[in-house]
Protein chains: 2
Amino acid sequence: MKTPDNAPTECRQVQSVLDTVGRRWSGAILVAASRGARRFVDFRRTVPGISDRMLSVRLKELETLGLLRREVIPSTPVQILYEPTALGRELLHVLQPLFRWGEKHLDEVSAATP
Amino acid sequence: MKTPDNAPTECRQVQSVLDTVGRRWSGAILVAASRGARRFVDFRRTVPGISDRMLSVRLKELETLGLLRREVIPSTPVQILYEPTALGRELLHVLQPLFRWGEKHLDEVSAATP
DNA sequence: CGGGATCCGAAAGGATACTG
DNA sequence: CAGTATCCTTTCGGATCCCG
């Protein structure tokens with residue numbers, strides 16, 4: 001069958017999106033933020049199994065991507081807060097259907113993975 | 001801030017979903033299938049930049065996950081057709097919002113990626 | 001608390017060549 | 001056409017230690 005001429009463009013786009021938000025831990029971190037995680041320790045507790053290093057790396061990435069905003073509170077000791085930007089919240093919103101699909105079907109697909 | 005007790009579970013789930021469908025090329029291949037690609041050459045043409053090897057690997061993965069069905073047509077030469085399963089179509093459906101988000105915002109985030 | 005620096009093994013994935 | 005096989009580089013990410 002012949003695919004439409006714009007199909008390659010669509011493929012590029014989905015790939016770009018998934019290459020950025022589909023990396024390991026990124027989605028989980030965003031979800032954690034949407035559920036109220038704000039400080040480094042919050043994320044560490046909320047995202048199961050993540051290491052300090054990867055959390056640090058991913059937080060910086062998501063900040064660079066404009067999905068999280070990093071805020072420094074000049075208290076003693078200093079507090080760092082992360083919260084979703086408008087763009088991040090929008091992304092979280094469109095990710096919701098994907099998560100619900102996972103809840104429903106993750107057992108089916110993971111049963112097929114060995 | 002305190003996150004809900006089920007937040008870690010949610011994080012696990014989103015991570016599992018993204019770990020399976022978020023791998024390189026997987027999303028693009030699914031989209032190609034949704035746009036009419038059926039045969040190996042179709043996918044090769046429709047997914048820009050993919051190699052034969054990765055296409056082969058991913059097709060097999062997606063088949064194992066139950067997202068694509070592989071059908072052998074005993075003609076000469078033999079034809080192999082891939083098409084989305086019901087599960088695959090459902091996944092594609094929930095991926096749509098994500099793609100549209102990418103269309104709208106990919107320039108913003110990629111501008112921040114250097 | 002909120003990370004950064006370094007090291008290192010594992011895994012992913014690209015290039016190329018080959019096949020029935 | 002529809003892949004495999006092999007090789008080889010790059011990247012990922014875990015462990016550990018350290019810092020202000």
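So you know, we letter chains A, B, ... as the sequences are listed, proteins then strands, and number each from 1.
At the phosphate of C/dG2, neither OP1 nor OP2 sits under 4.0 Å from any side-chain N or O atom of A/Ser56. The side chain of B/Lys60 contributes an N or O atom lying less than 4.0 Å from OP1 or OP2 of D/dT4. The side chain of A/Arg23 places no N or O atom within less than 4.0 Å of a non-bridging phosphate oxygen (OP1 or OP2) of C/dA12. Residue B/Arg53 places no side-chain N or O under 4.0 Å from the OP1 or OP2 atom of D/dA2. Proximity of A/Arg24 to the phosphate of D/dT11: no side-chain N or O atom is located under 4.0 Å from OP1 or OP2. Contact annotation: B/Tyr82 does not reach the phosphate of D/dC1 (side-chain N/O to OP1 or OP2, under 4.0 Å).
We find that A/Glu10 and B/Arg35 are joined by a salt bridge, their nearest charged nitrogen and carboxylate oxygen being less than 4.0 Å apart. We find that A/Glu61 and A/Arg58 are joined by a salt bridge, their nearest charged nitrogen and carboxylate oxygen being less than 4.0 Å apart.
One interatomic measurement links the two molecules: CZ of B/Arg58 to C1' of C/dG13, which rounds to 8 Å at whole-angstrom precision. The nearest whole Å value for the distance from the CG atom in A/Asp52 to the C1' atom in D/dG14 is 12 Å. Between B/Met54 atom CE and D/dT6 atom C1' the separation is 16 Å, expressed in whole Å. In this structure, A/Leu18 atom CG and C/dG13 atom P are separated by 13 Å, rounded to whole Å. For the pair A/Leu59 CG and C/dG3 P, the computed distance is 7 Å after rounding to whole Å. Per the geometry, CD1 belonging to B/Ile73 stands 13 Å off P belonging to D/dG3, to the nearest Å. In this structure, A/Arg45 atom CZ and C/dC1 atom C1' are separated by 12 Å, rounded to whole Å. Rounded to whole angstrom, the span from the CD1 atom of B/Ile50 across to the P atom of C/dA15 amounts to 12 Å.
The one candidate from A/Arg44, A/Arg45, A/Arg39 that meets the salt bridge (charged side-chain N to carboxylate O under 4.0 Å, His left out) condition with A/Asp42 is A/Arg45.
A/Glu108 and A/His105 form a side-chain donor-acceptor contact under 3.5 Å, judged by distance and modelled atom types alone.
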Problem set entry | salt bridge (Lys or Arg N to Asp or Glu O under 4.0 Å) between B/Glu83 and B/Arg70, worked out | CA-CA 7 Å; B/Glu83 61 176 348; B/Arg70 183 181 191 265; over 6 Å; no

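Side-chain atoms of A/Arg44 lie closest to C/dC1 of the nucleotides C/dG14, C/dC1, D/dG13.
If you check every strand for non-hydrogen atoms under 4.0 Å, A/Phe43 touches nothing.
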